[in-house]
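Scroll down for the structure; my scribbles are underneath it.
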Amino acid sequence: MAVRADLFESPDHYQLDELLSEEHLMVRTAVRDYVKKEISPIIEDYAQRAEFPQQIVKQLGDLGVFGPTVPVEYGGGGLDYISYGIMMQELERGDSGVRSTASVQGSLVMFPIYAYGSEAQKKKYLPKLASGEYLGCFGLTEPDHGSNPSGMLTNIKDAGDHVILNGSKMWISNAPFADIAVVWAKNEEGKIQGVIVERGMEGFTTPTTHGKWSLRASATGELVFDNVKVPKENILPNVIGLKGPLGCLSKARYGIAWGALGAAMDCYDTALRYSKERIQFDKPIGAFQLQQKKLAEMVTEITKAQLMVWRLGVLMNEGRATPAQISMAKRNSCEIATNIARSARQILGGMGITGEYSVMRHMMNLESVITYEGTHDIHLLITGMEITGFNAFK
Ligand code: TGC
Ligand code: FAD
């Protein structure tokens with residue numbers, strides 16, 4: 001598959017770079033350069049083959065995108081939330097699946113071990129996860145419990161110095177290659193607890209999910225637990241209840257708010273370039289009003305979303321961002337990115353459906369991004385409940 005040179009430049013219609021520090025800009029340059037060198041040249045082929053590029057795990061560890069907000073003493077980057085957001089934007093600009101790998105590792109595996117784990121768990125797992133020596137996954141969703149994880153059936157039963165884990169999880173990113181899984185299960189009192197399950201534990205398997213038309217370069221699978229003996233020292237001691245996994249989701253959803261914007265920027269940048277080069281009726285198609293309308297609306301939505309995620313980053317840094325604010329940004333970025341990918345694909349005409357350009361791949365990936373970490377509807381209902389005080393979920 002011929003791959004075009006990656007000439008990406010991020011749109012900055014409102015001089016928003018002035019809101020970023022030197023450190024933020026350095027982080028952006030480092031991750032953008034990595035994506036141009038290591039991701040753009042290969043990702044289309046991996047997506048076409050529906051194969052996970054396993055070599056990126058170590059590369060992403062070396063780049064420092066796993067757990068960037070985790071303190072340096074545990075192998076993290078000790079950076080702020082805007083740096084984390086920028087990393088996710090740049091990775092998803094390359095491919096949502098690459099950002100997914102980093103989101104899961106950092107926000108859904110390292111964060112719960114850091115925030116809810118024992119000192120021994122932090123020392124044992126965090127440095128290896130940060131460096132990419134270990135890959136992790138996060139098991140919350142079940143076949144019959146997606147939007148309503150509180151109904152989960154996966155359970156642990158006390159058996160002396162260990163617990164016995166039974167049940168199954170579905171749609172789990174990274175599962176087929178994961179060395180460890182942070183799994184959420186109900187204890188005998190029906191309360192949700194987190195356990196760290198290691199590959200190799202008897203009765204634990206991770207079958208791959210095949211046939212996806214979206215996130216094809218990301219590995220998705222199931223987690224199946226058949227009387228798995230998990231030592232009690234692998235239970236996360238410092239959280240109980242659904243707020244445990246939902247607290248992790250807040251971090252990951254924040255990253256997706258920036259990430260989906262990266263995919264939108266890539267689609268806009270690609271469509272803008274194409275509109276200046278493609279001649280029809282003796283003119284570049286960008287000279288026609290209909291195409292300008294699409295491009296002008298894209299950059300307007302990108303600019304609004306850039307402002308929203310930057311402000312959310314400031315609130316995250318100050319510890320003031322609420323789950324509802326995070327939901328609004330995740331939902332908005334996914335919606336505008338999905339719409340922008342579709343418009344960009346149309347601007348590219350027939351070329352838009354090929355793998356020669358990134359747009360169709362982004363468009364298909366974004367169908368997962370708008371669904372996972374809480375669907376578009378769920379985030380709307382979170383906003384609805386916040387502003388009206390009425391719970392419309394149940
Ligand atoms: P509810 O009663 O509202 O809440 C239970 C407890 O949790 C607290 N809480 C939160 N805490 C931290 N962060 C948040 N975002 C929180 N949201 C709620 C809440 O205060 C309460 O605490 P407490 O102390 O009172 O017990 O729970 P509910 O059962 O009514 O559910 C609410 C709902 C529907 C919003 C929630 O279940 C939900 O968000 N559903 C969506 C499920 C979801 O997002 N699944 C994602 C699975 S992981 C994934 O998709 C990874 S993809 C990764 C990738 O590849 O990038
Ligand atoms: P359902 O909950 O069955 O929803 C179906 C439809 O009903 C949706 O449109 C939804 O919005 C709507 N709906 C549901 N409840 C309501 C309501 N109360 N009011 C109105 N409408 C409602 N999960 C993990 O735990 N870990 C992972 O790593 C992970 N990775 C994923 C990777 C991919 C590629 C995908 C596709 C999913 C992944 N997920 C993961 C699962 C993901 O979080 C769920 O798919 C998502 O939460 C939705 O659950 P569901 O698919 O069961 O849909």
Side-chain angles (χ1 to χ4, degrees), residues 50 52 88 91-92 95-109 111-112 115-116 135-152 154 168-176 178 181-185 191-192 194 206 208-223 239-260 316 321-331 334 364-386 391-394:
F52 175 57
M88 298 303 115
L91 292 179
E92 191 149 0
D95 189 80
S96 303
V98 176
R99 195 269 309 136
S100 239
T101 302
S103 292
V104 170
Q105 183 93 336
S107 290
L108 299 181
V109 180
F111 173 76
Y116 314 137
L135 181 67
C137 68
F138 174 89
L140 180 65
T141 306
E142 299 188 352
D144 294 328
H145 300 95
S147 297
N148 63 332
S150 65
M152 70 173 66
T154 298
S168 66
K169 300 286 176 180
M170 193 180 179
W171 293 119
I172 307 304
S173 300
N174 297 354
V182 170
V183 177
W184 299 94
K191 302 240 169 76
I192 294 172
T206 59
T208 303
T209 302
H210 295 287
K212 292 179 299 169
W213 285 116
S214 175
L215 282 195
R216 288 168 63 82
S218 161
T220 313
E222 294 167 49
L223 304 176
V239 79
I240 209 141
L242 191 60
K243 65 174 181 288
L246 289 179
C248 308
L249 291 178
S250 281
K251 308 292 177 200
R253 289 167 177 173
Y254 166 75
I256 291 177
W258 283 83
M316 291 287 287
T322 65
Q325 287 169 334
I326 295 168
S327 280
M328 184 184 280
K330 190 271 182 186
R331 184 174 188 275
C334 289
M364 296 194 299
N365 283 343
L366 287 162
E367 289 298 327
S368 288
V369 182
I370 204 168
T371 300
Y372 64 32
E373 304 263 8
T375 66
H376 204 52
D377 297 330
I378 290 296
H379 290 296
L380 178 132
L381 294 176
I382 290 172
T383 305
M385 186 164 77
E386 172 88 352
N391 181 337
F393 293 106
K394 304 172 186 172

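Side-chain atoms are counted along with the backbone in the values below, which use heavy atoms only and exclude waters and symmetry mates. Atoms within a ligand are numbered from 1 in the order they appear, just like the ligands themselves.
Set against the non-hydrogen atoms of L215, the atoms of ligand 2 under 4.0 Å away are 34 (C). Listed by atom number, the atoms of ligand 1 under 4.0 Å from F138 heavy atoms are 48 (S). Within ligand 2, the atoms closer than 4.0 Å to a non-hydrogen atom of T371 are 46 (C), numbered from 1 in the order shown. Those atoms of ligand 2 with a heavy atom of T141 less than 4.0 angstrom away are 23 (N), 24 (C), 25 (O), 40 (C), 41 (C), 42 (C), 43 (O). With ligand atoms numbered from 1 in the order given, ligand 2 contributes 1 (P), 2 (O), 4 (O), 14 (C), 15 (N), 49 (O) to contacts under 4.0 Å with heavy atoms of S147. If you number the atoms of ligand 2 from 1 as listed, the ones under 4.0 Å from a heavy atom of I172 come out as 24 (C), 25 (O), 26 (N), 27 (C), 28 (O). Ligand-side atoms of ligand 1 in range of Y372: 50 (O), 52 (S), 54 (C), 55 (O), 56 (O), range being under 4.0 angstrom from any heavy atom. Of all atoms in ligand 1, numbered sequentially from 1 with element shown, those under 4.0 Å from a heavy atom of R99 are 56 (O). Residue S100 has at least one heavy-atom neighbour below 4.0 Å for each of these atoms of ligand 1: 54 (C), 55 (O), 56 (O). The ligand atoms of ligand 1 that sit less than 4.0 angstrom from a heavy atom of S173 are 54 (C), 55 (O). The atoms of ligand 2 that sit less than 4.0 Å from any heavy atom of D377 are 9 (O), 10 (C), 11 (O), 12 (C). The atoms of ligand 2 that sit less than 4.0 Å from any heavy atom of E373 are 43 (O). Of all atoms in ligand 1, listed by their number and element, those nearer than 4.0 Å to a heavy atom of F393 are 34 (C), 35 (C). For ligand 2, the atoms sitting less than 4.0 Å from at least one non-hydrogen atom of F138 are 24 (C), 25 (O), 26 (N), 27 (C), 28 (O), numbered in the order shown with element in parentheses. In the vicinity of S150, heavy-atom distances shorter than 4.0 Å reach the ligand 1 atoms 29 (O). Within the listing of ligand 1, atoms 42 (C) sit less than 4.0 angstrom from a heavy atom of G146.
From the protein, the heavy atom lying nearest to atom 24 (O) of ligand 1 is K243 CD, 3.7 Å. In terms of protein heavy atoms, atom 27 (O) of ligand 1 is closest to L242 CD2, 3.6 Å. E373 OE2, 3.2 Å is the protein heavy atom nearest to atom 53 (C) of ligand 1. The nearest heavy-atom contact from the protein to atom 30 (O) of ligand 1 is K394 NZ, 3.0 Å. Ranking protein heavy atoms by distance to atom 15 (N) of ligand 1, first place goes to S250 OG, 2.9 Å. When only non-hydrogen protein atoms are considered, atom 10 (C) of ligand 1 lies nearest to L246 CB, 3.7 Å. Here the protein heavy atom with the shortest distance to atom 19 (N) of ligand 2 is L381 CD1, 3.4 Å. Residue, atom and distance of the protein heavy atom nearest to atom 40 (N) of ligand 1 are S147 O, 3.0 Å. Looking only at protein heavy atoms, the nearest one to atom 47 (C) of ligand 1 is T141 OG1, 3.5 Å.
Distance check: L249 CG to L140 CG gives 6.5 Å after rounding to the nearest 0.5 Å.
For atom 32 (C) of ligand 2, the candidate residues are S173, P245, A392; the nearest heavy-atom contact is made by S173.
Put simply, the side chain of H379 gets close to the backbone of E373: a donor and an acceptor are under 3.5 Å apart.
On a distance-only criterion, G374 and ligand 1 share at least one N/O pair closer than 3.5 Å.
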